[in-house]
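Structure, as structure tokens:
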Amino acid sequence: MLERSVLAENALQALHDEDYDRPFNTQNLNHTTMIFMGDREQVSLDGDWNFCVDLLDTGLRQKWFAMEPAAPRDREEPWDYDPYMGETVPVPSCWQMLKEKWYFFEGSAWYTRPVDFSPKPGKRTFLRVGAAQYDCKVFLNGEFVGNHYGGSTPFFAEMTDRLKDGRNWLMLCVNNVRTLDRVPMRNTDWFNYGGVYREVSLVETPESLIRDFFIHLKPDSHFACLTASVVAEGAETAEISIPELGIRETVQLVDGKGSIDIAAGPLLWRPDRPKLYDVHVSAGDDRVSDRVGFRTIERKGRELYLNGRPLWLRGISVHEDDDKRGKVITEDDLRRRYADAKEMGCNFVRLAHYPHHERAVELADEIGLLVWAEIPVYWAIDFANPATERDAQNQLLELIRRDRNRACVAIWSVGNENADTDARLAFMKGLAETARAEDPTRLIAAACLVNHTKLKIEDRLAAYLDIIGINEYYGWYDEDFSELPKILANSQPDRPVVISETGADADITEQGPKDGLFSEDYQASVYEKQIATLKDLDFVKGMSPWILYDFRTERRQGIFQRGFNRKGLIAADKVTRKKSFAILRSFYHMVAAGEVEEWERS
Ligand code: GCB
């Protein structure tokens, strides 16, 4: 038989074999390949990358990544794409926001850029991708490096022995298709953005490497002891110093791991005094610094305590969404978000429904806002599928490893409104256990279920949580408002409840109605009734109404929605406040004033 060209061979193979992507679905880039970032220097790979949407996955079938850079006339075969020339897009970005014809595109897209590199002896190099939605396959110089699942957490690939001296070509194939086995699954109430939408960089380290570092107040130590743990390669000891506290300690590493208790009396972090310390850690030649706050957050019975004092969470939920940029949020955007929350009297934000940018969490640490962080175990998930469970577990671990030195994070939430089946219970109980094992210093929550027949909070998962989140939309989806007090009276939870969502849509554009559903007044009346009902309940320990800003979502196509969920207290322009903003603000200011009085009395 005549020798066939690569392209022809590929085409024939594809006829018989639709498994073209299997070799690349390795998920080998996961929490185990993470490195501790702290303040490490990064060489940015942001900027213009060659780009092509690839609806049919031709790139994986034809192996576009194996194509050498060449002038078109020098090519021996007529490839269906040339990664080295043509259209470019900025990274980070969401492709939906770049061209109208990409607005609803769900599929694979290829990003390619050169990386000029000169190897340095004794150095290691890692690729870091802040986030790519949802599946990202990494290729370097024609070779497959690895694959990451999960659209909102960072991932790392070691490139040390792969990068060559001179020009290298890096390609990312990113796929945002909603499938049965992903987390979230196919149906959500936020926009399915796609692309490399957070920063990409190279990180250089010495041979010795701090993989992981976690420092926190030791539970039950009466604020007098810190616990630090280090995972490092190529070193037998690690050194930890906190100059402001006069701390300098050595940790012995056994098989690359070690931990130490350190007597210390730090000024405690709290929202109104977000004290952070410079913490330095070194192992071998590797040294990294981080800014860390120390606090305790506890649940006893139905009470919450921050640094031993009763806590009521005056919160608001937020999505990572921008009407112009999609999911790309800027420092200004984040600062405005928190300024709005603070103006409203918040001490707490729920970063829904997936891990937000790490800067959102750093800034909450600096500004002083407690955070509910969550993974997108949202609505229906294929709970019985072990692959789905692995993916959810990995997203949780990546989130925790990224953010567990952030004092602001008070709660890891493992899911949102999931039907109470046996498979779901096992799946989410496992997530709660993982979160506790990884991090004994925070509370575990989920948005649980209400039994609308029995009019009662009823969810078997609650037994494994510290906080029962309840999303209740009395006055909106559940019109009979009188049910809410009944539910609350019928439920005698043994642990605190946080109203993780409540709210109503209000379209305040010119097309919006002047009264009734979707009007600003209607939303305001829902807020008034909710506050009146919830404020005196002793087991409700906070709320994070839905939501600070209107946000884009495919599923909302009503005449007052037009592609947006309009439950924001502020419109999608992030400026125009609705009446409910002032209502919630006066309630929160009242609660805060009460806390101050109590504080002064005690
Ligand atoms: C919910 C969901 C949230 C939705 C919201 C709504 O319960 O958790 O993602 O956007 O309701 O507006 O319906």
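Every number for a ligand or one of its atoms is a count from 1 in the order of the listing. Keep in mind that this is a model prediction, so the values were computed, not measured.
Only the side chain of W546 comes within contact range of ligand 1, with a heavy atom under 4.0 Å; no backbone atom does. Contacts with ligand 1 closer than 4.0 Å are made by side-chain heavy atoms of N565 only, the backbone lying farther away.
No donor-acceptor contact under 3.5 angstrom links the side chains of N347 and Y588, judged on distance only. Using modelled atom types, one finds no donor on one side chain facing an acceptor on the other under 3.5 Å when comparing Q133 with Y197. No hydrogens or angles considered: nothing links the side chains of D332 and T330 as a donor-acceptor pair under 3.5 Å.
For atom 7 (O) of ligand 1, the closest non-hydrogen atom of the protein is E417 OE2, 2.4 Å. Looking at atom 5 (C) of ligand 1, its nearest protein heavy atom turns out to be Y473 OH, 3.3 Å. Here the protein heavy atom with the shortest distance to atom 1 (C) of ligand 1 is E501 OE1, 2.8 Å. Regarding atom 12 (O) of ligand 1, its nearest protein heavy-atom neighbour is K567 NZ, 2.6 Å. For atom 13 (O) of ligand 1, the nearest protein heavy atom (residue, atom name, distance) is Y477 OH, 2.4 Å. Atom 4 (C) of ligand 1 has its closest protein heavy atom at D189 OD2, 3.2 Å.
Between F51 and Y111, the ring planes lie perpendicular to each other; the angle is over 60°, past the 30° to 60° tilted range. Using a 30° and 60° split on the angle between ring planes, H356 and Y354 fall in the parallel class, below 30°.
Contact analysis puts Y378 in contact with ligand 1, with a non-hydrogen atom separation below 4.0 angstrom. Between R556 and ligand 1 there is a heavy-atom distance shorter than 4.0 Å.
Using a 4.5 Å heavy-atom threshold, the side chains of R566 and F518 count as separate. The side-chain heavy atoms of R402 and V361, taken from C-beta on, include a pair separated by under 4.5 Å.
Each of the atoms 10 (O) of ligand 1 lies under 4.0 Å from some heavy atom of F551. Within ligand 1, the atoms closer than 4.0 Å to a non-hydrogen atom of N471 are 7 (O), 8 (O), numbered from 1 in the order shown.
Looking at N416 next to ligand 1, an N or O pair under 3.5 Å apart turns up. Between W379 and ligand 1, not a single N/O pair is under 3.5 Å apart.
Annotation for E100: atom CD does not count as buried by contact number, only 12 or fewer foreign heavy atoms lying within 6.0 Å.
Remark: K300 is positioned above the aromatic ring of Y305, its terminal NZ or CZ atom under 6.0 angstrom from the ring centre and at most 45 degrees off the axis.
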